[in-house]
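Have a look at the structure below, then the notes.
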Amino acid sequence: METDDVLDGAPTADTAARVREVIAAAGVSQREFARRVVMDPSKLSRSLSGTRRFTAAELARIADEGRVDAGWLLGTRSREKAAAPTVGVDGGRPLQIVRETVRLIAEHGFHAVRVADIARACATSSAAIHYHFPGRAELLEAAVRWCMDEDTARRATRLAEADDAAAELRQLIALQTPRTAQQRRQWAVWLDLWAEAARSTAVGRLHSEYYRQWRETVADVVRRGVGQGVFRAGLDPQAAALTLTALIDGLATHVLSVGGPSSAAADAMHAALTTHVTDTILAP
């Protein structure tokens, strides 16, 4: 079982039922709710069915999205949650602020970005930024969550288009190869956040949890591929996912370190990943 020390107690048999209530109250599909709480849809499905237990970090995000007390999900407290400032990034000025924050993090680094810089990029004042986001920490966390949300949505769309697990894996590799300016910007943010994860900051822990979800997504694809007979029989999904994601990380770091757009470096990365999958994962 995955563990996290964010909440006291442990998920009970009734936790899944309470999460279902939260999803129903949100009035969205299960997949859309998973996207909102930055959770892989397959993990949410398994947790709701009882074949997997929610981590405390996941329950904390579900409680935030559903505006309920996290302890209520665990069965230890009442449902009501104390009012807290709402940080919305659905559109308008908040979305512009978050997007500019992501761009500045990618260009200058996590710790170099100031509220004044973000205000200047948005052609507004620092006071206007604080109207939507109480402080720099809340703004940076919102930017990280938005990045994760966007990545999860793109991944879900690509996987839905695939015919089998082999096609799913090819789609994931394409998504992780930094060819476009948007992909390079996303990778620049991820690389900076790894340093935060090493320091065990709040944003770093959020990134670490998301990275575990990403690796589990790859493991789930491998697991399905073995079952479909398109991947090698007896392949260990977790080991294969660990190796492949580590290879993706290393190669993407190299592509970004080349400096400036480099289609040759991205092409070489994609070719190396394709060769690895062919040699070690695809059924002979």
With heavy-atom distances below 4.5 Å as the criterion, would you say the side chains of Tyr211 and Thr245 are in contact?
yes

Note, Phe231 side chain near Arg224 side chain (heavy atom, < 4.5 Å)
no

Pairs flagged by side-chain hydrogen bond (donor to acceptor under 3.5 Å, both in side chains) wherever residues 227-243 is involved - sequence neighbours left out:
Glu216-Gln238

Distance from Ile118 atom CD1 to Ile97 atom CD1, nearest 0.5 Å?
8.5 Å

Interatomic distance, Leu139 atom CG to Ile129 atom CD1 [nearest 0.5 angstrom]
7.0 Å

Any chance you could measure Thr152, atom OG1, to Arg31, atom CZ, to the nearest 0.5 Å?
11.0 Å

Closest approach of Leu48 to Ala16 (non-hydrogen atoms, all atoms of both residues):
CD2-O, 3.6 Å

Determine, stepwise, if the pair Asp149 / Tyr210 fulfils side-chain hydrogen bond (donor to acceptor under 3.5 Å, both in side chains).
CA-CA 10 Å; Asp149 195 46; Tyr210 182 77; over 6 Å; no

Count I, L, V, M, F, W, Y as connected when their side-chain heavy atoms are under 4.5 Å apart, and connections chain through other members. Are Leu140 and Leu95 then in the same cluster?
yes

Kindly indicate, with the supporting measurements, whether the criterion side-chain contact (heavy atoms from CB on, under 4.5 Å) is fulfilled by Trp190 and Met148.
CA-CA 10 Å; Trp190 293 150; Met148 295 175 177; 3.7 Å; yes

Salt bridge or not between Arg179 and Asp267? Use side-chain N to carboxylate O under 4.0 Å.
yes

How about Arg52 and Ser47: does a side-chain donor come under 3.5 Å of a side-chain acceptor?
yes

Is Arg114 close to Arg136 at the side-chain level, that is, under 4.5 Å between some pair of heavy atoms?
no

Indicate the atoms forming the closest heavy-atom contact of Pro237 with Ala219, along with that distance.
CB-O, 3.5 Å

Donor-acceptor check, side chain of Glu32 to backbone of Ser29, threshold 3.5 angstrom: yes or no?
no

Applying side chain to side chain contact (heavy atoms under 4.5 Å, CB included), name anything that partners Asp40, two or more places apart in sequence or on another chain.
Ser42, Lys43, Arg155, Thr217, Asp220

For residues Ser126 and Ala116, report the shortest heavy-atom separation together with the two atoms involved.
OG-CA, 3.7 Å

Which pair of non-hydrogen atoms, one from Ala233 and one from Val226, has the smallest distance, and what is that distance?
CA-CG1, 4.5 Å

Candidate pair Arg93 and Gln96, rule side-chain hydrogen bond (donor to acceptor under 3.5 Å, both in side chains), full reasoning:
CA-CA 5 Å; Arg93 178 66 84 176; Gln96 180 199 18; 2.7 Å; yes

Taking C-beta and beyond as the side chain, do Arg184 and Val255 meet within less than 4.5 Å on heavy atoms?
yes

Answer yes when Glu107 and Arg185 have at least one side-chain N-carboxylate O distance shorter than 4.0 Å, and no when they do not.
no

Please answer whether the main-chain N or O of Cys147 pairs with a side-chain N or O of Gln186 as donor and acceptor at a distance below 3.5 Å.
yes

With the threshold set at 4.0 Å, does a side-chain nitrogen-carboxylate oxygen contact exist between Glu21 and Arg18?
no

Drop me the distance from Arg20's CZ to Asp14's CG, to the nearest 0.5 angstrom.
12.5 Å

Rounded distance (nearest 0.5 Å) linking atom CG of Leu247 with atom OG1 of Thr275
10.0 Å

Considering all heavy atoms, the nearest Ala34-Pro41 contact
CB-CA, 3.9 Å

When rounded to the nearest 0.5 angstrom, what distance separates OG1 in Thr274 from CG in Asp279?
10.5 Å

Looking at side-chain heavy atoms only, is the closest gap between Thr177 and Ile248 below 4.5 Å?
no

Looking at side-chain heavy atoms only, is the closest gap between Leu104 and Phe110 below 4.5 Å?
no

Flag the pair Ile105 / Thr101 as yes when at least one side-chain heavy-atom distance between them is below 4.5 Å, and no otherwise.
yes

Check against side-chain contact (heavy atoms from CB on, under 4.5 Å), Leu172 and Gln176
CA-CA 6 Å; Leu172 290 178; Gln176 295 301 312; 5.5 Å; no

Does any N or O in the side chain of Glu141 come within less than 3.5 Å of the main-chain N or O of Glu138, such that one atom is a donor and the other an acceptor?
no

Identify the two heavy atoms, one from Val102 and one from Ala143, that lie closest to each other, and give their separation to 0.1 Å.
CG2-O, 3.8 Å

Pair Val230, Leu282 - check side-chain contact (heavy atoms from CB on, under 4.5 Å), show working.
CA-CA 6 Å; Val230 296; Leu282 290 180; 5.5 Å; no

Flag side-chain contact, heavy atom, 4.5 Å: Arg120 against Asp117:
yes

Would you say Leu244 and Leu175 are hydrophobically clustered, going by side-chain heavy atoms of ILVMFWY under 4.5 Å?
no

Under the criterion side-chain contact (heavy atoms from CB on, under 4.5 Å), I'd like the reasoning laid out for Leu73 against Phe54: C-alpha separation, chi angles, the key distance, then a yes or no.
CA-CA 10 Å; Leu73 292 176; Phe54 287 101; over 6 Å; no

